[in-house]
Every structure is written in C-alpha cells, then in structure tokens.
Amino acid sequence: QVQLVESGGGLMQPGGSLTLSCVASGFTLDSYAVAWFRQAPGTERTPVSCITSSDSTTYYANSVRGRFTISRDIAKNTAYLQMNSLKPEDSAIYYCAAERERLFRRCDLGKVVRSSTDFGSWGQGTQVTVSS
C-alpha cells in the first residue's frame, strides 16, 4: 500500500525553525519526485517546494526561497522540508506528495510543480503554526 506520512509540524515563534518529515512506504522515493504543498484556512493548496527524482534538482516558491530547504534520504525513504526564519504567513497545513517521474518532469522552475494533479500520492498533512 502506497503511503506518505508527514510529521514535524507544531507551534513555533516567528524567526524559529522546524523540519518536516515525509516517510514513504509501499514504494521507493528514488524514482519519484516529491513536493511539499501548504494550505492555509480559506486559501487554495499551493506548492512550496519540489525535488526531482533523477538529479535532486530543487525548486521553491518565491515566498520561501532562501528560507526553506527540501531534501530526501533514499536510504530512509524519507523527504524533508527544513524551514528557517519562519513567519506568521507560513502558518498552514503542510502536505507532501510524490509521483513517479518517467517521461515527464513533475517539478517546474516557474510554478514549482508542473501541476498538482500530477501527484497521485499524498500525505495526511501536518499543521504548522507560527505565532508569538
């Protein structure tokens, strides 16, 4: 059974750091692109970051570039999102998603992901709240 499980969310003061984890089971991440999305109340789910399967190229939304870092550990079958210098506007539910890359890239330089509908496997989400 294909499954993604996020963890690491919580309450953090502005300027603090959190690291989100996304553990995959039922498949191996080495041939999958992984993306992190977030959704705040009343807003659409938007992509935050993406990492390709072939060469681990990373992509970021403008709002998080320079503060967030996406990575993956194939041996642990886990992807991560390191979030530094957190701001209140980073508060949201964060989701990881994965999709096999074969003929088509799933990440995109301009949009972070080519399309969110490309991603067929999603986690349940983890809440991140940034507040003093």
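Sequential numbering from 1 along the given sequence is applied to the chain's residues. These numbers come from the heavy atoms of this one structure, side chains and all, not from hydrogens, waters or symmetry mates.
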For residues 10-28, dump all side-chain donor-acceptor pairs below 3.5 Å to protein atoms at least two apart in sequence or in another chain.
from  : atom 1 : to    : atom 2 : distance (Å)
Ser17 : OG     : Asn84 : OD1    : 2.9
Thr19 : OG1    : Gln82 : OE1    : 2.3
Thr28 : OG1    : Asp30 : OD1    : 2.9

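- Applying the disulfide bond (SG atoms under 2.5 Å apart) rule to pairs touching residues 102-132 yields Cys50-Cys107, sequence neighbours excluded.
- Phe104 and Val113 are assigned to two separate hydrophobic clusters, defined by single-linkage of ILVMFWY side chains at heavy-atom distances under 4.5 Å.
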Does Arg105 form a side-chain contact (heavy atoms from CB on, under 4.5 Å) with Ser54? I'd like the steps, not just the answer. CA-CA 9 Å; Arg105 285 285 184 117; Ser54 57; 3.4 Å; yes
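- At least one donor-acceptor pair under 3.5 Å links the side chain of Tyr60 to the backbone N or O of Ile70.
- Of all non-hydrogen atoms in Val2 and Ser121, the two that sit nearest each other are CG1-OG, 3.2 Å.
- Side-chain contact check for Ser131 and Thr129: no donor-acceptor pair (N or O, by modelled atom type) lies under 3.5 Å.
- Using a distance-only test at 3.5 Å, with no hydrogens or angles considered, a donor-acceptor pair links the side chain of Ser91 to the main chain of Val130.
- A side-chain donor-acceptor contact under 3.5 Å links Glu6 to the backbone of Gln124.
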Do Asp118 and Arg102 pass the salt bridge (Lys or Arg N to Asp or Glu O under 4.0 Å) test, and can you show the C-alpha distance, the side-chain angles, and the key distance before you say yes or no? CA-CA 12 Å; Asp118 284 348; Arg102 288 176 173 166; over 6 Å; no
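- You'll find the side chain of Phe68 reaches within 4.5 Å of the side chain of Asp90, heavy atoms only.
- Distance alone, capped at 3.5 Å, places no donor-acceptor pair between the Asp73 side chain and the Ala79 backbone.
- When all heavy atoms of Ala92 and Ala40 are compared, the closest pair comes out as CB-N, 3.8 Å.
- We find the CZ-CD distance between Arg38 and Gln127 to be 12.0 Å, quoted to the nearest 0.5 Å.
- Proximity of a side-chain donor or acceptor of Ser49 to a complementary backbone N or O of Tyr59 within less than 3.5 Å is detected.
- Using a distance-only test at 3.5 Å, with no hydrogens or angles considered, a donor-acceptor pair links the side chain of Thr78 to the main chain of Lys76.
- Applying the salt bridge (charged side-chain N to carboxylate O under 4.0 Å, His left out) rule to Arg45 yields no partners; only residues at least two apart in sequence or on another chain are considered.
- Taking the six-membered ring where the residue is Trp, the centroids of Trp122 and Phe37 are separated by under 6.0 Å.
- Note that OG1 of Thr126 is 9.0 Å distant from CD1 of Ile93, once rounded to the nearest 0.5 Å.
- The structure places CG of Leu4 at 4.5 Å from SG of Cys96, a figure rounded to the nearest 0.5 Å.
- Criterion: ILVMFWY side-chain heavy atoms under 4.5 Å apart, direct or through other members. Under it, Val64 and Val112 are not part of a common hydrophobic cluster.
- One hydrophobic cluster, built from ILVMFWY side chains closer than 4.5 Å, cannot hold both Ile51 and Val5; they sit in different ones.
- Under the 3.5 Å distance criterion, the side-chain polar atoms of Glu99 are left unmatched by any main-chain donor or acceptor of Ala33.
- The backbone N or O of Arg114 sits less than 3.5 Å from a side-chain atom of Lys111, completing a donor-acceptor pair.
- Under the 4.5 Å side-chain heavy-atom criterion for grouping Ile, Leu, Val, Met, Phe, Trp and Tyr, Leu29 is not connected to Tyr95 through any hydrophobic cluster.
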Do Gln39 and Tyr94 pass the side-chain contact (heavy atoms from CB on, under 4.5 Å) test, and can you show the C-alpha distance, the side-chain angles, and the key distance before you say yes or no? CA-CA 7 Å; Gln39 186 171 22; Tyr94 283 72; over 6 Å; no
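- Taken together through direct or relayed side-chain contacts under 4.5 Å among Ile, Leu, Val, Met, Phe, Trp and Tyr, Leu86 and Val48 form part of one hydrophobic cluster.
- Judged by the 6.0 Å and 45° rule, Arg106 forms no cation-pi pair with Phe119.
- The environment of CD in Glu44 is sparse: at most 12 heavy-atom neighbours from other residues, nucleotides or ligands sit within 6.0 Å.
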